[in-house]
**Q** 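Sharing a structure here in structure tokens format.
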Amino acid sequence: MKKIFKLSLFLFASIAFTSCSNDTSDTLTDSATQGGLLTVQTTDLTYAQGSAPTDAFPVTISGFQGREKIQTVDVYKQFITFDGVMSEKIILKTLTFPNVDQMETVSFTFDYNELIAGLSINGVPLPADDSTLNIGDKWELSYMSNLDNGNAHMNNPKTNVTVSCGSFLKGLYSNSTVRTETGVVYTFAQDNVREIGDGLYLTSYIGPYYCAGQTPGTSGNTIQLPAGTNAGYVFKDVCGVLGLETQNLAAAFTNEVRQSAAQKALSSVDLTTGVITIHYSIFFTGNTVERPFITTLTPL
């Protein structure tokens with residue numbers, strides 16, 4: 001009987017130790033049982049260079065209200081360069097939780113002016129002009145829960161706001177296109193460049209061509225195509241370099257519109273004037289004969 005009793009105590013102690021050591025519910029830097037656990041729905045945001053300094057960026061977080069309730073959350077910000085140099089970490093703003101439901105969700109916004117305020121790198125304040133930032137720089141937002149019992153806990157989940165190339169090329173332009181082999185210039189008074197995706201655009205015209213229902217050019221004997229509804233081509237803006245994937249003329253003919261590596265290298269947007277220059281070729285006779293063009297789009 002004594003041996004059985006001792007064995008039972010040993011098993012009970014082992015089970016108790018295992019239960020404590022295998023508790024994986026704590027995802028905070030402190031005990032989750034003390035409250036303050038947040039879920040960050042918005043973990044990644046893109047900051048596009050060229051955005052207005054007052055453009056609002058939204059973030060949503062949620063908090064589980066246990067025995068100890070979240071009263072406020074301090075949102076901290078820190079700037080980290082693409083090569084790892086860090087600014088100081090300071091408060092961006094403080095959020096108030098309503099304490100009505102067990103799971104509370106709170107959303108907030110911030111803008112560029114708020115992101116840069118009070119931060120510096122190597123003693124130099126972050127710039128008011130975002131064009132001097134580097135692609136890959138980022139702000140890291142972290143969250144401190146302040147509880148009704150006076151405790152405060154820093155949560156592990158964060159929000160990264162990463163600097164990327166902005167693209168804002170949609171709009172109305174005058175179109176001047178030259179066929180480089182002959183020097184003939186074709187002009188269209190108004191080319192509506194439409195954004196059809198993130199940094200992806202569709203022009204209205206290509207070379208000397210327009211479709212039925214579109215406005216003929218004002219010089220150079222522009223030509224109406226016998227099919228199609230929009231003569232334009234699709235191009236993508238990647239950090240100011242403008243690229244064309246091989247595509248069919250007016251999305252209606254087997255004639256291919258192409259861009260060589262050399263033509264792509266010459267295609268760009270002037271960030272000061274907004275003038276777009278695109279080099280490309282239209283192919284004929286079973287796509288064996290190339291006719292190169294250069295289109296210049298000037299903002300209206």
Side-chain angles (χ1 to χ4, degrees), residues 48-50 131 134-136 164-211 214 216-299:
Q49 282 181 315
S131 66
N134 293 298
I135 305 306
S164 68
C165 297
S167 184
F168 308 94
L169 303 185
K170 69 178 180 181
L172 300 179
Y173 298 79
S174 63
N175 179 324
S176 176
T177 297
V178 59
R179 180 178 170 185
T180 57
E181 295 169 311
T182 63
V184 175
V185 176
Y186 308 94
T187 61
F188 296 90
Q190 184 173 289
D191 194 323
N192 183 16
V193 176
R194 289 173 284 167
E195 187 171 19
I196 58 174
D198 187 13
L200 195 66
Y201 299 92
L202 173 65
T203 67
S204 299
Y205 305 102
I206 186 170
Y209 299 112
Y210 64 96
C211 291
Q214 292 187 290
T218 55
S219 68
N221 297 319
T222 55
I223 304 166
Q224 181 179 319
L225 292 169
T229 58
N230 187 86
Y233 52 91
V234 174
F235 72 91
K236 187 169 182 64
D237 173 21
V238 180
C239 297
V241 177
L242 308 181
L244 275 72
E245 297 293 334
T246 298
Q247 54 199 274
N248 291 331
L249 176 65
F253 300 88
T254 58
N255 302 75
E256 291 183 349
V257 179
R258 302 182 201 164
Q259 185 186 59
S260 67
Q263 288 173 320
K264 182 175 181 179
L266 294 170
S267 301
S268 63
V269 55
D270 187 311
L271 297 179
T272 301
T273 64
V275 172
I276 296 171
T277 304
I278 305 181
H279 295 242
Y280 57 89
S281 296
I282 305 174
F283 284 77
F284 298 86
T285 316
N287 292 315
T288 61
V289 176
E290 179 181 6
R291 295 179 185 169
F293 296 87
I294 303 172
T295 291
T296 300
L297 300 172
T298 303

**Q** Indicate the atoms forming the closest heavy-atom contact of Gln214 with Ser204, along with that distance.
**A** NE2-O, 2.9 Å
**Q** Taking Gln259 for the side chain and His279 for the main chain, is one N or O donor matched with an acceptor at less than 3.5 Å?
**A**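 Answer holds: yes.
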**Q** Counting only N and O atoms by type, is there a donor-acceptor contact under 3.5 Å from the side chain of Thr285 to the main-chain atoms of Thr288?
**A**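 Such a contact is absent between Thr285 side chain and Thr288 backbone.
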**Q** With rounding to the nearest 0.5 Å, note down the distance linking OG1 in Thr203 to CG in Leu297.
**A** 7.5 Å
**Q** Say whether, by atom type as modelled, one donor and one acceptor occur between the side chain of Asp191 and the main chain of Tyr173 under 3.5 angstrom.
**A**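 Flag not set: sc Asp191 to bb Tyr173 has no pair under 3.5 Å.
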**Q** Does a side-chain heavy-atom distance below 4.5 Å link Asn248 with Phe253?
**A**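 No, side chains not in contact.
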**Q** Determine whether a donor-acceptor pair (N or O, by modelled atom type, separation under 3.5 Å) exists between the side chain of Asn287 and the backbone of Glu256.
**A**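 Looks like yes, one N/O pair under 3.5 Å.
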**Q** To the nearest 0.5 Å, tell me how far Gln49 CD sits from Asn134 CG.
**A**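 Nearest 0.5 Å value for the CD-CG distance: 8.0 Å.
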**Q** Which distance, rounded to the nearest 0.5 Å, do you find between the CG of Leu225 and the OH of Tyr209?
**A** 7.0 Å
**Q** Enumerate donor-acceptor pairs with a distance under 3.5 Å from any side-chain N or O in residues 234-247 to protein atoms, sequence neighbours excluded.
**A**
from, atom 1, to, atom 2, distance (Å)
Lys236, NZ, Asp198, O, 2.9
Asp237, OD1, Gly240, N, 2.9
Asp237, OD2, Ser167, OG, 2.7
Gln247, OE1, Val234, N, 2.7
Gln247, NE2, Val234, O, 2.9
Gln247, NE2, Glu245, O, 2.9

**Q** Please tell me if the side chains of Glu195 and Phe168 come closer than 4.5 Å, counting only heavy atoms from C-beta onward.
**A** no
**Q** Mind listing the closest non-hydrogen atom pair of Ala250 and Ala231 along with its distance?
**A** CB-CA, 4.0 Å
**Q** Nearest 0.5 angstrom please: Glu290 CD to Ile282 CD1, how far?
**A** 10.5 Å
**Q** Please work out which of the three classes, parallel, tilted or perpendicular, describes the rings of Tyr205 and Phe188, given edges at 30° and 60°.
**A** parallel
**Q** Are any of the side-chain heavy atoms of Arg179 and Pro208 separated by less than 4.5 Å?
**A** no
**Q** For Ser281 and Arg258, indicate whether the former's side chain and the latter's backbone hold a donor-acceptor pair under 3.5 Å.
**A** no
**Q** Within a strict 4.5 Å, meaning less than it, do heavy atoms of the Thr277 and Ile294 side chains meet?
**A** yes
**Q** Give, for atom CD of Gln263 and atom CD1 of Ile278, the distance between the pair rounded to the nearest 0.5 Å.
**A** 11.5 Å
**Q** Is a donor on one side and an acceptor on the other found under 3.5 Å between the side chain of Asn255 and the backbone of Phe283?
**A**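 Pair found, side chain donor or acceptor close to backbone of Phe283.
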**Q** Treating Asn175 as the side-chain partner and Ile206 as the backbone partner, does any N or O pair qualify as donor plus acceptor under 3.5 Å?
**A**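 Such a contact is absent between Asn175 side chain and Ile206 backbone.
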**Q** Parallel, tilted or perpendicular for Phe293 and Tyr280, by the 30°/60° rule?
**A** parallel
**Q** Ser176 and Thr296: side-chain hydrogen bond (donor to acceptor under 3.5 Å, both in side chains), yes or no, with the steps?
**A** CA-CA 5 Å; Ser176 176; Thr296 300; 5.7 Å; no
**Q** Specify the closest pair of heavy atoms between Gly274 and Pro299, including all atoms of both residues, with the distance to one decimal.
**A**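 Smallest interatomic distance, heavy atoms only, reads O-CG, 3.4 Å.
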**Q** Would you indicate whether Asn221, at its atom CG, is surrounded by more than 12 heavy atoms from other residues, nucleotides or ligands within a distance under 6.0 Å?
**A** no
**Q** Given side chains that start at C-beta, do those of Arg194 and Asn230 come closer than 4.5 Å, heavy atoms only?
**A** yes
**Q** Looking at Gly228 and Cys211, what are the two nearest heavy atoms and their distance?
**A**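 For Gly228 versus Cys211, the nearest heavy atoms are O-CB, 3.4 Å.
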**Q** Taking all atoms of both residues into account, what is the closest heavy-atom pair of Ala48 and Gly166, and its distance?
**A**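 That closest heavy-atom pairing would be CB-CA, 3.6 Å.
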